[in-house]
Each structure stands twice: as structure tokens, then as C-alpha cells.
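Notes for the one structure printed next.
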Amino acid sequence: MTQAEDHEAFEDASAPSLSQRAMAARGTPHLDGLNRPQREAVEALDGPVLVLAGAGTGKTKALTCRIAHLLATGRAKPWEILAVTFTNKAAREMKHRVGQLVGGAIEGMPWLGTFHSLGNRILRRHAELVGLESNFTILDTDDQLRLLKQLLQAEGIDEKRWPPRLLAGLIDRWKNRGWTPEALPPDEASGFNRRGGELYAAYQRRLKELNAVDFGDLLLHCVTIFRTHDDVLEQWRRRFRYILVDEYQDTNVAQYLWLRLLGDGHRNVCCVGDDDQSIYGWRGAEVGNILRFEKDFPGATVVRLEQNYRSTANILAAASGVIRANEGRLGKTLWTEADQGEKVRLIGHWDGEEEARWIGEEIEAMRRGTRGLEPLGLDGMAILVRASFQMRAFEDRFLTIGLPYRVIGGPRFYERMEVRDAMAYFRLAVSPADDLAFERIVNTPKRGLGDKAQQTVQVVAREAGVPLVEGAALVVEREMIPAKGRNRLRTLLEGIARWHAASEAGEPHVELAERILDESGYTGMWQGDKSPEAPGRLENLKELVQALDEFENLQGFLEHVALVMDAGSEDGGEKVSIMTLHAAKGLEFPAVFLPGWEDGLFPSQRSMDESGMKGLEEERRLAYVGLTRARERLTVSFAANRMVFGRWQNALPSRFIDELPAEHVEVLTPPGLYGGAHGAAAGFGAATAPGAAATPESELEARAARADAYASPGWKRMQARRGERQLGQPREASSLVIDVEAVPAYEIGERVFHQKFGYGRVEDAEGDKLTVAFEKAGVKRVVARFLTAADGAGDVPF
DNA sequence: GAGACCTTGCAGTGT
DNA sequence: GCAAGGTCTC
């Protein structure tokens, strides 16, 4: 059937199209305000379309308008459109925007969601085709690891040498590539002590026994079903007349197969993406998918969105300068009509704490209005970090100064211990045969059931071939464990049976949940706990029960949690956002801070070690994503010293700093390191901890390392630029020599300040080496140039 | 069996 | 610097 026939058949079947008539009457308001390429992307409804959308070019707008257009022209009903995103956030956003465009006229879009949530829904309808029941459980990483651990133990594999996490990673990768155990290439299967393939198969068998799936299965099982059951595939192909995919550059092989299988019939597939923003290679994403689109779908319409509506010209130029260094791009030339705006600011700091302190002050200043700029709300500011451990310095600092912040995608609500425990109880109420849930809570709260007792239950259950609850019942019945534990185990089993019955009988789930936590003694356990975090945990439990209210039943809630994993509730109030660069994709802020631009941290050493040039290019794309999040103000920073695993490590400025085009960058002088250029130079490249720099030995090391530091391209460039800027002091800008005379002298008894140790009083002086009694850090020997006079040190706030 | 204490490995990104 | 896991003691 051709596209036209297809279209007509639909029109015939669906009576005169109301929406079409309405559109004729209303015109096409949803097309207003689109630029030419955007409009092209929206109006090319039939056949394959690839939209290459640079950062900030109105990608989501094009996508949502396209959906609106499909609906308005009567090409498709809301339920005939499959629209796929990567994150729940993106799905929510798109739903919201389509709703706005179309007006409340449509009842949402049932098939707009993430790959995983859509895969989940499809899989539940055909679960039996892959040996599951439709009420299967979705395992979280925790469960998955425990399962693998058991498997390895059963196989007698040394966990130390072959850690379960490694196997989990392998299996995840295989699933992302669309490989079932049967289809696993031999060279892959021979990994993990030559037993990878075998263990993968065993893991899948065990999942089936537990009626459970992991994340990868949600897609891979669908693919298997589509491939082996033509009738099922045909049914879904007929249903989804139009397919839209957001962030296509992030699709992995399994997702690609899933899409191709669904889209190959009518080929009404519209993929939107940006190869320059592909940052999920580590998760199995294949940039190749987007690069290959025109081969996969011959005759595809390709539209490029290149006009950027988000950032100032300076910011855009800085981002373009960085991404230019990548090879193998499809190549887009972003342009803007926006003003030059402020230059991108670059600043180096002594250490991570100083960096956090400075950013905190900048934020306060921006909030008040600074440098002749408009005051800016905290909601408009974001700090984007490479790795989540970097967030701590900011949290610590902001808590100290009382700056409100929110961490996005931080430690998740549903990953907290007490929430998981509670959910394990809920899972048992829904399906008592959930062995993993049973293991989790059998001795929580303490029921006197230690390793020995639990082993007995395991053995009995395995021998009888029954779930653990039933095995436990046998153990109680046969009196195989001491009376004390036995009685408590019996109580637990009775509880589970009772909760399950209540759940089946349709008892209101919120009350049931409360009752479960009560009767199991779980709430009581935390009430009796004197530790400082106990109240918080009880609070979380309360919140959990409240969250239940929005769902029909426990099962629906559990499913949602497994897929979404984020509490969603956002308390109001102006706050600075802190998040990883990955989490920031798709967002934008008037002011953005990008701290931690140090080689090894960003680009991440691991990424480069594991994937070489490919890894580096992905890191660079990540830098590009970060830079392009900013609308007006952008500040990049790095620190010379950073705490890693509790030790101070020195670092060199990121190579990406070299790639920032100088003419769009303003280099700032770090505060607190007196004397600007050369004062700062003293800090960078120091081989030792800031505090330890006091001893002569470490001072020598510091000098040696400093010479290296100057060889670092990032540093050289920064110095060169500083030199240009500070025309009056060109000698300092390139000087390798510490200008001792510039170091102020201190007197005995003088109050001083040290970046690391805080305030103190000079007790003794020997040349430039001073003994200082610090108020908090005690007595230390420090070099004079790491100190400032405590009073009148205007650029060193406490 | 449970809690205190010590050792070890770790933190790269997330549906 | 911290959490998880192991070991030791009650």
C-alpha cells in the first residue's frame, strides 16, 4: 500500500474528519512562528524524515508541532502515534506541550513515553510469548546484583576475581546490542572467565523462574517477540501509523531494532537528533544509527535546524569552537541573530573548595545584580558537573552560606534503603513468590534469622522446587530452626499471607501499605532507632505511602517506580540547580557554571582509557552539551587541587579549555591568590596537598611540577591570555620564578588567613616559613605566600 | 546471632 | 572520605 492509499483508507474508515474541518476553519495556528526548516520538518509527514537539530534550534518545538500537525490534518488519532523519548522528563515535557498546542481536545497520547515504558507496556501484552506472566516484576540494579551473586556462588566462581558488577555490566551491554544468550557471538560469550555466555543464559533462566525482567529485557524481549511472531508485529505496525523519535543519536542497537521492526512497513518514521550531542555511548548508544539513517531509510527527507534561539553569539562561538575538534560529524553550522552578549568567563582556582566558594559568591552576586547586569533568579542558574561526586563541594558550601539549591538526579528517593525495604514488603503482598523481595526483608527488622536460618530456607525451597515463602513455611513446619527465630518467621509468613489476601481482595492500597509497614514491625524498627537519620527515614516512609495515593493499586505503583525511579515532587522556591552534564541535556538556563574542567576529570580519564579517541570525542560532545545549556552567562572553571578518594591530587586544566576560542573568552583572576597571575601560578601544578606545601621538600616538588604545569596546553593558553589582558605586567604572566619579594612579611602575633586552614595567628617566623596557630586546624608550618593578612584582605572572604 | 571494629575498594555518566 | 563487607567478640 502506498502512503497515499494508506492515508485514504484511514480517512474512509474514520468518517469525515472533524479535525480536518476544524483545521480548515481555524487555519493552522500550530504552524505559526516556525522558521522555514522547522516548518519543513513539521510538514513532511509521509515517509522517513531525519531532523538534524543543533542545540537550541527548536527541536522540541518541531517535534511537538509535528504531532499537532498529524492530529490537526487528521492523519492520525492520538493513539496511532508512537512518540519515543529517552527520559521521563522529556516525555512529560512533550506531553505538556502537545496538550498546549492542540488544546485540551485530545485525551493525551497513550503511546508517548520512554523506550522502556513503552517496551514495558507492549511486553505485558505478550509476556507469555517469552515465558513470562503479564504481571512480571522489573528488577532494579540491587536485585539484579544479588541475583548474579547467587548465580556466581552456585557456580563456584570467585567473586573477588569475577565481581557480579562486571557480569551485570556485560549482560547489560549484550542486551543493549540486541543479543540474546543464543545470539551471543562466541568471542563475547567467552568473556568473564570463559563462562560469560553460559552465565548469561543461566541468569535469563533464573529471571524467567522469578517471573522477572531487567531493564534491558523490556526492549530485547519485545524485539524477540516481533522477530518470531509476524502476526504480533503486524498488529503493532498497523496500530502505529506514525513514529517519532527524540534524541535519535542516543539509541542503542536494541532500540534501533525495535524501531525498525515497527517502522519498516509504512516507513513513517521521523527521527530527531544531533550527532554532536551523542553522550550515551557508554550505555550502548550508537551514533552510527543517526549517521546511517539515510542508508537505512532510502529516500529520507533530511532537514537541518541550524538557527539557534537560545544562546548569545559568544556562547555559541565558544561551543562551536570546542565541538569543531571532533571528527566524523554530520556537520552543522549553528548561527544566531542574538547579540554577542558577555564573553565566556574562565577562571582557575586553588582547589575544589575554593571553586565552590567562588561560585557561591558569584551566584549571590548575580542574584543581586552585578557588573551592570540585571539581577537573576536562582531558578535561572545551574551548576553542571561531570561526575556526581563533584556535587558535594557545592552542597557543603551552599549549606554553609544558606544558599538554596536543588540536586537534580542525585541520590534518588526510591534508591534509599528504607524505601526499598518498604517496597519489598509491598512486592511480597502483591506476589508472595517474589524471592528477591523475601530475601531482602526476611530479617529486617531483626527476627533472629541469620545466615544459618536463611540458608536452611534456601536449601529446603530449592529441594522442594518452591518459592522461598513456601520453603520457609516448610522449615517452620518441620521445626528445622530454633524456636525463637521460627516463631518470628511464622509471624512474618502469616503476615505475608494476610497482606496478599487483602491485596487480592482489593483492600484500599494506601491503608494496606500502612498496615503492612506497621504489622511487619518495619515502622517500629525506625521509631525505636536512636540514630540521627531515623526521623528522616520515617519521613521518607510517610512520603512513600503518600505517593501511593496517585496510583490505582500497589502493582501499578511498583511498576511506575521501577521505570521512573524519581520522586517527582519538587518543592517550590527559588533554587540553584546542581546536576550532571548528562542530566542537563535538553535543559537551558540563563546562567550556567561549568566547574571541574581538569584533565582526567573532564575529559574523564576512564573514558579515555577505555575508549581512546572515541571516548575523548564523547567527552567533547559532553562539553558541547554543557556549553550550549547557557543562554546568557557562562562560566568555566577548574581547580589546581582536588580531593580524590580523600586525598589531595593536583590537576591540570582541561584540554577543552584550549579549544575555547580566545576571542570569545575572558580570563578572570582567581581571588585569594594574591598578586593575580604569579600568585595563581604558585598554586597550579603543585604536586602536593595545599597544606603540605609548607615543607621545603614539597616546595621543591611543587616547583618541578609547576614547570610541567606550564607545559600543559590549557595552562599555557590561560597564561598567554592573561598576559594579553594584563598588558601592564607581561613579565609576571610568563614568569616561572616565584617573586619572593612580592610576598608580604608577617609579624609575630599577626592574624592571618590560609585558604585551607582558615584563620590563625603567626607564632614564629623563619624566612618565609611561618609557624601559625590556626583556630580550627591547629599549629602548622606554612609558607608565607599561602597566607594573607586577616584584616584588610578584601579579596579573601573568610 | 548481633554489634563493634577494621579493611577494602571506590566515584562515570542512567532507563 | 565513605560505604560495604569481613572479622572478631560478646
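Numbers restart at 1 for each chain; the letters A, B, ... are given by sequence-line order, proteins then strands.
When rounded to the nearest whole Å, the span between CD1 of I279(A) and P of dG14(B) equals 9 Å. Rounded to whole Å, atom P of dA11(B) lies 20 Å from atom CD of E598(A). Distance R647(A) CZ to dG9(B) C1': 14 Å, rounded to the nearest Å. For the pair Q454(A) CD and dG1(B) C1', the computed distance is 11 Å after rounding to whole Å. Spacing between atom CZ of F389(A) and atom P of dG14(B) amounts to 13 Å, rounded to whole angstrom units.
Ranking dG1(B), dT15(B), dG14(B) by closeness to the H116(A) side chain, first place goes to dT15(B). Nearest to the side chain of A387(A), among dT13(B), dA11(B), dT15(B), sits dT13(B). When each of dG1(B), dA2(B), dG14(B) is scored by its nearest atom to the side-chain atoms of D172(A), the top-ranked nucleotide is dG14(B). Closest to the R283(A) side chain, of the nucleotides dG14(B), dG3(B), dA11(B), is dG14(B). Closest approach to the K446(A) side chain among dG14(B), dA11(B), dG3(B) is made by dG3(B) (side chain taken as heavy atoms from C-beta onward). Checking dG14(B), dT15(B), dA2(B) against every side-chain atom of F215(A), the shortest atom distance belongs to dT15(B). Between dT15(B), dT13(B), dC10(B), one nucleotide has an atom nearer to the side chain of T580(A) than all others, and that is dT13(B). Listed nucleotides: dC10(B), dG14(B), dT15(B). Nearest to the side chain of A583(A): dG14(B). Checking dT15(B), dT13(B), dA11(B) against every side-chain atom of N88(A), the shortest atom distance belongs to dT15(B). Comparing dT15(B), dA11(B), dT13(B) by their nearest atom to the side chain of R386(A) picks out dT13(B).
Within 4.0 Å (heavy atoms only), E619(A) reaches at least one base atom of the nucleic acid. Across all strands shown, S117(A) has no heavy atoms under 4.0 Å from either base or sugar-phosphate atoms. When heavy atoms are screened at a 4.0 angstrom cut-off, R165(A) is found touching the sugar-phosphate backbone but no base atom. When heavy atoms are screened at a 4.0 angstrom cut-off, E610(A) is found touching base atoms of the nucleic acid. The residue Y280(A) sits close only to the backbone: its heavy atoms come under 4.0 Å of sugar-phosphate atoms, none of a base. Residue G450(A) is classed as a sugar-phosphate contact, given heavy-atom separations below 4.0 Å to backbone atoms only.
For DNA chain C, the contact window with chain A, defined by any atom under 4.0 Å from a protein heavy atom, covers dG1(C) to dC2(C) in 5' to 3' order.
Of the two residues near DNA chain B, G216(A) and K452(A), the one whose nearest nucleotide lies more 5' is K452(A). Both S604(A) and K160(A) lie near DNA chain B, and the one whose nearest nucleotide falls closer to the 5' end is K160(A).
Defined by atom type and a distance below 3.5 Å, a donor-acceptor pair is present between the side-chain atoms of T251(A) and N289(A). Between the side chains of N176(A) and R173(A), no donor-acceptor pair is found at a separation under 3.5 Å. With hydrogens and angles left out, the side-chain atoms of Y624(A) and N326(A) include no donor and acceptor closer than 3.5 Å.
Listed by first and then second residue, the ring pair (Phe, Tyr, Trp, His ring centres under 6.0 Å) pairs that reach into residues 602-623 of chain A are W597(A)-F602(A), F602(A)-F656(A), sequence neighbours excluded.
Distances shown here put every side-chain N or O of N252(A) at or beyond 4.0 Å from the OP1 or OP2 atom of dT15(B).
Between Y200(A) and W174(A), the ring-plane angle classifies as tilted under the 30° and 60° cut-offs.
Panel note: side chain N641(A), backbone W648(A); no donor-acceptor pair is recorded below 3.5 Å.
Each of E353(A), E598(A), Q390(A) was scored for a side-chain hydrogen bond (donor to acceptor under 3.5 Å, both in side chains) with R642(A), with one residue passing: E598(A).
Interatomic distance, CG of D172(A) versus CH2 of W282(A), reported as 9.0 Å (0.5 Å rounding).
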